[in-house]
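Structure first, commentary second.
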Amino acid sequence: QVQLVESGGGLVQAGGSLRLSCAASARTFNAYTMGWVRQAPGKEREFVATISWTGGRTYYADSVKGRFTISRDNANTVYLQMNSLKPEDTAVYYCTADKVYKLGGDRFDYWGQGTQVTVSS
């Protein structure tokens with residue numbers, strides 16, 4: 001079992017930045033790929049980014065490529081640095097974990113409770 005706890009969401013103006021963090025309880029953190037998925041009100045869940053087991057590979061949705069950066073450390077934490085935020089980035093952001101490195105979709109083994117990101121225009 002893996003428990004994920006997100007933090008760092010909030011309200012920011014368009015063009016601003018936020019950094020989300022996700023603390024994982026996994027005993028073997030490097031056994032899991034980590035990622036972020038978001039869901040805006042009234043919309044389906046949308047894949048955002050994923051990072052491989054030791055961080056050597058990353059993959060982003062086209063909608064965030066060049067603006068968001070996913071990273072992980074050796075202290076069981078994964079981050080999502082979000083720059084040049086747009087109102088359309090407003091959503092609940094969920095941290096995910098999976099033993100398989102997936103390039104998209106929303107089928108991940110473990111999910112956090114989500115953190116709200118609101119970008120005002």
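In this text, all values refer to a predicted model and were calculated from it rather than measured experimentally.
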Whichever hydrophobic residues join Leu11 through chains of side-chain contacts under 4.5 Å: none

Single-linkage hydrophobic cluster Val117~Val92, side-chain heavy atoms < 4.5 angstrom: no

Whether Trp53 side chain and Lys99 backbone form a donor-acceptor pair below 3.5 Å: yes

Pairs flagged by side-chain hydrogen bond (donor to acceptor under 3.5 Å, both in side chains) wherever residues 64-76 is involved - sequence neighbours left out: Asp62-Lys65, Arg67-Asp89, Asp73-Tyr79

Counting only pairs under 3.5 Å, give me each side-chain donor-acceptor contact of residues 15-22, with atom names and distances, residues two or more places apart or in other chains.
unit_1: Ser17; atom_1: OG; unit_2: Asn83; atom_2: OD1; d: 2.9

side-chain hydrogen bond (donor to acceptor under 3.5 Å, both in side chains) against Arg57, all qualifying residues, sequence neighbours excluded: none

Only pairs under 3.5 Å count here: list side-chain donor-acceptor contacts from residues 24-33, not counting sequence neighbours, and write none if there are none.
unit_1: Ser25; atom_1: OG; unit_2: Gln3; atom_2: N; d: 2.7
unit_1: Ser25; atom_1: OG; unit_2: Gln3; atom_2: O; d: 3.4
unit_1: Thr33; atom_1: OG1; unit_2: Asp98; atom_2: O; d: 3.0
unit_1: Thr33; atom_1: OG1; unit_2: Val100; atom_2: O; d: 3.0

Sequence neighbours excluded, every pair satisfying salt bridge (Lys or Arg N to Asp or Glu O under 4.0 Å) that has a member inside residues 111-121: none

Derivation and outcome, side-chain contact (heavy atoms from CB on, under 4.5 Å), residues Val64 and Phe47: CA-CA 10 Å; Val64 306; Phe47 169 83; over 6 Å; no

Thr90 versus Ala40, closest heavy-atom pair with distance: O-CB, 3.5 Å

Path from Phe108 to Tyr93 over hydrophobic side-chain contacts below 4.5 Å: no

Selection residues 30-91 - residue pairs positive for disulfide bond (SG atoms under 2.5 Å apart), sequence neighbours left out: none

Where at least one partner belongs to residues 103-118, residue pairs that pass side-chain hydrogen bond (donor to acceptor under 3.5 Å, both in side chains), sequence neighbours excluded: Glu6-Gln113, Arg45-Asp106, Gln116-Thr118

Qualifying residues under side-chain contact (heavy atoms from CB on, under 4.5 Å), relative to Ala14, sequence neighbours excluded: Pro87, Val119

Contact summary for Ile70 and Met34, nearest pair of heavy atoms: CD1-O, 3.9 Å

Residues which pass salt bridge (charged side-chain N to carboxylate O under 4.0 Å, His left out) with Glu46, listed by chain and number, not counting sequence neighbours: Arg38

Within residues 28-77 or reaching into it, pairs that qualify as disulfide bond (SG atoms under 2.5 Å apart) - sequence neighbours excluded: none

Hydrophobic cluster membership, Ile51 vs Leu80, 4.5 Å side-chain cutoff: yes

Closest non-hydrogen atom pair between Ala23 and Thr77, with its separation: CA-OG1, 4.4 Å

Worked check of side-chain contact (heavy atoms from CB on, under 4.5 Å) between Trp36 and Phe68: CA-CA 11 Å; Trp36 294 91; Phe68 290 12; over 6 Å; no

